[in-house]
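A short write-up of the structure that comes next.
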Amino acid sequence: QFLKQLGIHPDWQFVDVYGMEPELLSMVPRPVCAVLLLFPITEKYETFRTEEEERIKAKGQDVKSSVYFMKQTINNACGTIGLIHAIANNRDKMNFETNSSLKKFLEDSLSMTPEERAKYLETYEAIRVTHESSAHEGQTEAPSIDEKVDLHFIALVNVGGHLYELGGQKPFPINHGETSDDSFLEDAIEVCKKFMERDPEELRFNAIALSAA
């Protein structure tokens, strides 16, 4: 529904990933071009995130210039940012309606920095309104913009044969190594498993895949 409102033809869909085991992954329609992971922000996660950032800053990493990455400056918009990351890095596979608000946003923001994209989204009424209306259609009540939420979305995408983790609260994309169209779902799920292993007593994890309809 959300994709349709943003002017994307329904040849791609978001589907739930019911479990990380091979037989449950085999139920996910292929190809998969992105995975969104919803996870809790806990003390263990924050400790890991700080260490990971320091390590990458010290060692450096290879990030292709074609990776579309944006920062998050709007509270509680990590789901929208995750969706933009998923679509933006697969825009060559998407069929947009001519008047698609998301297509216009991506075209306008392609040459911007991650910070400029965040600022542009703040002023971009069409996507924000769509996000808020679709959030209120869900089973659970959407949090208000100012409410403190301890859950966060990241997007996992394949750009140029590398698996990138994109989260608007991080300073940069994170390169998780090589992947391919065929192995992408399994590779992305391995990254999701690491999030879960860091917080074994936590149950609030949820993965959805952007799959061919």
Side-chain angles (χ1 to χ4, degrees), residues 1-17 28-38 63-140 142-143 145 152-160 162-170 173 181 184-185 188 206-213:
Q1 184 60 27
F2 190 29
L3 292 181
K4 197 172 149 201
Q5 287 173 326
L6 289 169
I8 296 172
H9 282 289
D11 38 12
W12 291 89
Q13 61 183 349
F14 279 108
V15 297
D16 286 309
V17 177
V28 178
R30 312 284 175 128
V32 170
C33 68
V35 170
L36 296 181
L37 175 69
L38 180 69
V63 174
K64 289 187 163 53
S65 58
S66 52
V67 175
Y68 183 104
F69 176 66
M70 68 186 291
K71 300 286 287 171
Q72 179 182 340
T73 50
I74 305 172
N75 285 346
N76 298 345
C78 61
T80 301
I81 306 280
L83 180 123
I84 292 172
H85 278 145
I87 302 290
N89 288 289
N90 289 289
R91 58 190 180 280
D92 54 328
K93 301 184 183 82
M94 301 290 147
N95 285 314
F96 293 96
E97 307 277 359
T98 25
N99 58 352
S100 163
S101 55
L102 184 54
K103 182 185 186 206
K104 185 180 182 316
F105 177 84
L106 295 180
E107 285 172 351
D108 291 350
S109 63
L110 264 185
S111 57
M112 295 180 182
T113 66
E115 291 73 23
E116 287 166 346
R117 288 166 182 163
K119 287 278 170 227
Y120 186 42
L121 184 63
E122 287 176 21
T123 67
Y124 206 82
E125 201 72 6
I127 292 179
R128 216 180 61 244
V129 169
T130 307
H131 161 78
E132 283 169 7
S133 69
S134 73
H136 288 293
E137 278 170 22
Q139 272 73 44
T140 50
I145 291 259
H152 190 58
F153 267 106
I154 54 157
L156 298 165
V157 295
N158 170 9
V159 180
H162 278 82
L163 196 161
Y164 291 96
E165 172 193 331
L166 308 171
Q169 292 181 328
K170 297 201 170 186
D181 289 345
F184 171 71
L185 176 61
N206 192 6
I208 55 174
L210 184 53
S211 290

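In what follows, every heavy atom counts, from backbone to side chain, and hydrogens, waters and symmetry copies are set aside.
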**Fill in**
All heavy atoms of V63 vs all of Y164, minimum pair found to be CA-OH, 3.7 Å

**Asked** Can you name the closest pair of heavy atoms from Q13 and A212 and give their distance?
**Response** NE2-O, 3.4 Å

**Prompt:** From D11 CG over to K93 NZ, what is the distance, rounded to the nearest 0.5 angstrom?
**Reply:** 12.5 Å

**Asked** Taking the side chain as C-beta and beyond, is there a heavy-atom pair between V15 and V32 under 4.5 Å?
**Response** no

**Item:** Nearest non-hydrogen partners of I154 and G167, listed with the distance
**Value:** CG2-CA, 4.1 Å

**Message:** Which label fits Y68 and H85: parallel for a plane angle under 30°, tilted from 30 to 60°, or perpendicular past 60°?
**Reply:** perpendicular

**Message:** Any carboxylate oxygen within less than 4.0 angstrom of a Lys/Arg side-chain nitrogen, looking at E122 and K119?
**Reply:** yes

**Complete:** In short, C33 meets F184 closest at the heavy-atom pair C-CE2, 3.7 Å

**Gap separating the CG atom of L6 from the CG atom of L83, nearest 0.5 angstrom** = 6.5 Å

**Message:** For the backbone of K170 and the side chain of K71, can you confirm whether one donor and one acceptor N or O come within less than 3.5 Å of each other?
**Reply:** yes

**Asked** Has the side chain of T113 got a donor or acceptor atom that lies under 3.5 Å from a matching backbone atom of E116?
**Response** yes

**Asked** Can you name the side chain to side chain contact (heavy atoms under 4.5 Å, CB included) partners of F153, sequence neighbours left out?
**Response** L36, L38, C78

**Prompt:** Taking all non-hydrogen atoms of both residues, which atom of A155 and which atom of A86 are closest, and how far apart?
**Reply:** CB-N, 4.3 Å

**Complete:** Interatomic distance, CH2@W12 vs CG@L3, rounded to 0.5 Å, equals 11.5 Å

**Prompt:** Heavy atoms, side chains only, cut-off 4.5 Å: are N158 and L163 in contact?
**Reply:** no

**Message:** Can you tell me how far apart CD (Q5) and CG (L102) are? Round to the nearest 0.5 Å.
**Reply:** 12.0 Å

**Item:** Distance (rounded to the nearest 0.5 Å) between S100 OG and N95 CG
**Value:** 11.0 Å

**Asked** Less than 4.5 Å apart, any side-chain heavy atom of I74 and any of T80?
**Response** no

**Item:** V157 backbone acceptor or donor facing N89 side chain under 3.5 Å
**Value:** no

**R117 side-chain N/O to L106 backbone N/O, donor-acceptor pair under 3.5 Å** = no

**Asked** Could you give the distance from CZ (F105) to CD1 (I87), rounded to the nearest 0.5 Å?
**Response** 13.0 Å

**Message:** According to side chain to side chain contact (heavy atoms under 4.5 Å, CB included), who are the partners of E107, at least two apart in sequence or on a separate chain?
**Reply:** K103

**Request:** Report yes if some heavy atom in the side chain of V28 is under 4.5 Å from a heavy atom in the side chain of S211; otherwise report no.
**Result:** yes

